Asker: 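Have a look at this one before I ask anything.
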Amino acid sequence: MKFPSDFKPYLLTIQHNSKKPLTKWSPQSGGDGGRNWLRRPDHFNIAVVLAPFSPYFVLDIDGEKGCKNLQRLQMTYGKLPRTFAVKSPSGWHYYFQYHQGIKRSIGWLAPSIDIICHGYTLLPGSVIDGKKYEVSEDVPISIAPDWLIKLASNTDKQIDMPAKNKTAVQYDGEDYEFRVWRARRYVEKMAPAVQGQGGHTQLLRVCNVLVHKFRLDDADCRDILMDYNARCVPPFTSYKELFRKISETRKWHG
């Protein structure tokens, strides 16, 4: 395993053929120095504990879908700088210097793209099901571009993701999953339905967004609507009644 000269990691020993720590671990406990891995590198996996213990975070790209979505991000916001990168069994890990405010997120920037910090990630030398983690870019760890810092620091706000012709609702069938992701983020920012304060009208607004703005099928509308319902005051206790709003929206505006 080889690190760039500026890489001073907190190491953590990981179980054989696994991503689980060898001993009990929490984000507040730092690493164990990789002691067991140093004794048996042929048997254990090894991880680096990221920010705040190490001054780095990782942009985790998972598979072809993640690569495709990363390309969209770069076409909209700008290219990533060259930085220390690792080829994982399922994708790529790009290391960047940590910036205050960056938050851990799973699939928020785009489907199959994660921000890893306040946790750990496997390092080169680790093996999962016979597939190795290997260094793909042996260069110093770069400062993250401003656009990535901004997006990764504002996961509680609606992110304007790139889309065909700059409009999310123009996605075609092959991008349907991406459209579902956009719809979920959009509805998360909509006000809850409150009884006695136009709650019924607000619920229909949400259904209209799902059915007509993002053109989702009933199954995905129901899934997102259930999450939205948890914020309503009070929540609908009958899912049958809740889901009927979807069919009503299709009938009234179809």
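All values reported here derive from a predicted model rather than from experimental measurement.
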Asker: How far does CZ of Arg72 sit from CG of Leu70, to the nearest 0.5 angstrom?
Answerer: 11.5 Å

Asker: With a 4.5 Å cut-off on side-chain heavy atoms, are Leu242 and Leu203 touching?
Answerer: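 Yes, close enough: below the 4.5 Å cut-off.
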
Asker: Between Lys19 and Leu122, is a side-chain contact (heavy atoms from CB on, under 4.5 Å) present by the stated rule, with each step listed?
Answerer: CA-CA 7 Å; Lys19 296 182 180 180; Leu122 294 189; 3.8 Å; yes

Asker: Hey, does the side chain of Gln97 reach the backbone of Pro55 with a donor-acceptor pair shorter than 3.5 angstrom?
Answerer: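 Absent.
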
Asker: Can you check whether Gly63's main-chain N or O pairs, donor with acceptor, with Ser90's side chain at less than 3.5 Å?
Answerer: no

Asker: Flag yes if Tyr77 and Tyr94 sit in one hydrophobic cluster, no otherwise; membership is Ile, Leu, Val, Met, Phe, Trp, Tyr, and two members link when side-chain heavy atoms are under 4.5 Å apart.
Answerer: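 Tyr77 clusters together with Tyr94.
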
Asker: Got Leu123 and Leu11 here, is their nearest side-chain heavy-atom distance under 4.5 Å?
Answerer: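 Yes, close enough: below the 4.5 Å cut-off.
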
Asker: Any heavy-atom pair between the side chains of Cys221 and Phe214 that's under 4.5 Å?
Answerer: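 No, every pair of side-chain atoms sits at 4.5 Å or beyond.
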
Asker: Nearest heavy-atom pair of Ser136 and Lys87: which atoms, and what distance?
Answerer: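 So the minimum-distance heavy-atom pair works out to OG-N, 4.0 Å.
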
Asker: Please confirm whether the backbone N or O of Ile14 pairs with a side-chain atom of Asn45, one donor and one acceptor, at under 3.5 Å?
Answerer: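 No; judged by distance alone, with no hydrogens or angles, the pair does not exist.
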
Asker: Less than 3.5 Å apart, any donor N or O on the side chain of Asn17 or Asp129 sitting next to an acceptor on the other?
Answerer: yes

Asker: Take atom NZ of Lys65 as the centre, draw a 6.0 Å sphere, and report whether it contains more than 12 heavy atoms from other residues, nucleotides or ligands.
Answerer: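 It does not: Lys65 NZ has 12 such atoms or fewer within range.
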
Asker: Treating Ile, Leu, Val, Met, Phe, Trp and Tyr as nodes and any side-chain heavy-atom pair under 4.5 angstrom as an edge, say whether Val48 and Val127 lie in one connected cluster.
Answerer: no

Asker: Assess whether a salt bridge exists between Glu188 and Arg185, defined as any Lys/Arg side-chain N lying under 4.0 Å from an Asp/Glu carboxylate O.
Answerer: yes

Asker: Is there side-chain contact between Arg250 and Asp218, with heavy atoms separated by less than 4.5 Å?
Answerer: yes

Asker: What's the separation between atom CG in Leu73 and atom CG in Leu59, rounded to the nearest 0.5 Å?
Answerer: 8.5 Å

Asker: For Asp60, does its backbone N or O pair with a side-chain atom of Asp114 as donor and acceptor, under 3.5 Å?
Answerer: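 Checking the backbone N and O of Asp60 against the side chain of Asp114, no donor-acceptor pair under 3.5 Å is found.
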
Asker: Which atom names give the shortest non-hydrogen contact between Phe96 and Pro145, and what distance separates them?
Answerer: CE2-CD, 4.3 Å

Asker: Between Asn229 and Tyr239, is there a side-chain heavy-atom distance shorter than 4.5 Å?
Answerer: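 The answer is yes; the side chains approach within 4.5 Å.
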
Asker: Provide the closest heavy-atom pair for Leu50 versus Cys117 in the form atom of the first, atom of the second, distance.
Answerer: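 Closest approach of Leu50 to Cys117, heavy atoms only: CB-CA, 4.2 Å.
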
Asker: Does Met190 share a hydrophobic cluster with Leu216, counting links as ILVMFWY side-chain heavy atoms below 4.5 Å and allowing steps through other members?
Answerer: yes

Asker: Say whether Thr249 and Asn208, considering side chains only, have a donor N or O and an acceptor N or O under 3.5 Å apart.
Answerer: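 Absent: no donor and acceptor within the cut-off.
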
Asker: Closest approach of Tyr98 and Gly101, non-hydrogen atoms and distance?
Answerer: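 Shortest heavy-atom separation between Tyr98 and Gly101 comes out as OH-N, 3.9 Å.
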
Asker: When rounded to the nearest 0.5 angstrom, what is the spacing between CG in Asn36 and CZ in Phe44?
Answerer: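 If I round to the nearest 0.5 Å, the distance is 5.0 Å.
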
Asker: Any side-chain heavy atom of Met226 sitting closer than 4.5 Å to one from Phe243?
Answerer: yes

Asker: Report the C-alpha distance between Arg40 and Asp42 in whole Å, list the side-chain angles of each, state the deciding distance to 0.1 Å, and finish with yes or no for salt bridge (charged side-chain N to carboxylate O under 4.0 Å, His left out).
Answerer: CA-CA 5 Å; Arg40 292 287 306 279; Asp42 59 331; 3.3 Å; yes

Asker: Would you say that more than 12 heavy atoms from the other residues, nucleotides or ligands in this model lie under 6.0 Å from the CD1 of Ile143, or not?
Answerer: no

Asker: Take atom CD of Gln15 as the centre, draw a 6.0 Å sphere, and report whether it contains more than 12 heavy atoms from other residues, nucleotides or ligands.
Answerer: yes

Asker: Can you measure from CD1 (Ile113) to CG (Asn69) and round to the nearest 0.5 angstrom?
Answerer: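 That separation rounds to 5.0 Å.
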
Asker: Donor-acceptor pair, Tyr133 side chain versus Ile128 backbone, under 3.5 Å?
Answerer: no

Asker: Do Tyr186 and Lys213 have side chains that approach each other closer than 4.5 Å (heavy atoms only, starting at C-beta)?
Answerer: yes

Asker: Taking it one step at a time, do Ile246 and Val211 satisfy side-chain contact (heavy atoms from CB on, under 4.5 Å)?
Answerer: CA-CA 7 Å; Ile246 299 171; Val211 171; 4.0 Å; yes

Asker: Regarding His200 and Lys245, do their side chains bring together a donor and an acceptor under 3.5 Å, going by distance alone?
Answerer: yes

Asker: Ignoring hydrogens, what is the shortest heavy-atom contact between Leu80 and Gln74? Give both atom names and the distance.
Answerer: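 Smallest heavy-atom distance, with atoms named: N-OE1, 2.8 Å.
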
Asker: Around atom CZ of Arg231, are there more than 12 heavy atoms of other residues, nucleotides or ligands at under 6.0 Å?
Answerer: yes

Asker: Going only through I, L, V, M, F, W and Y residues with side-chain contacts under 4.5 Å, is there a path from Tyr10 to Phe84?
Answerer: yes

Asker: Would a single hydrophobic cluster contain both Ile102 and Trp147, if residues Ile, Leu, Val, Met, Phe, Trp and Tyr are joined by side-chain heavy-atom contacts under 4.5 Å?
Answerer: yes

Asker: Glu137 versus Thr83: any side-chain heavy-atom pair under 4.5 Å?
Answerer: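 With C-beta onward as the side chain, the pair stays apart.
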
Asker: Are the side chain of Tyr228 and the backbone N or O of Ala191 linked by a donor-acceptor pair below 3.5 Å?
Answerer: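 Yes: the side chain of Tyr228 pairs with the backbone of Ala191.
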
Asker: From Gln202 CD over to Cys207 SG, what is the distance, rounded to the nearest 0.5 angstrom?
Answerer: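 SG of Cys207 is found 10.0 Å from CD of Gln202.
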
Asker: Which pair of non-hydrogen atoms, one from Ala183 and one from Leu210, has the smallest distance, and what is that distance?
Answerer: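 Smallest heavy-atom distance, with atoms named: CB-CD2, 4.2 Å.
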
Asker: Give the C-alpha distance, both sets of side-chain angles, the deciding distance and a yes or no for side-chain contact (heavy atoms from CB on, under 4.5 Å) between Val206 and Ile224.
Answerer: CA-CA 10 Å; Val206 173; Ile224 295 174; 5.9 Å; no

Asker: In Å and rounded to the nearest 0.5 Å, what is the OH to OG distance from Tyr56 to Ser142?
Answerer: 12.0 Å

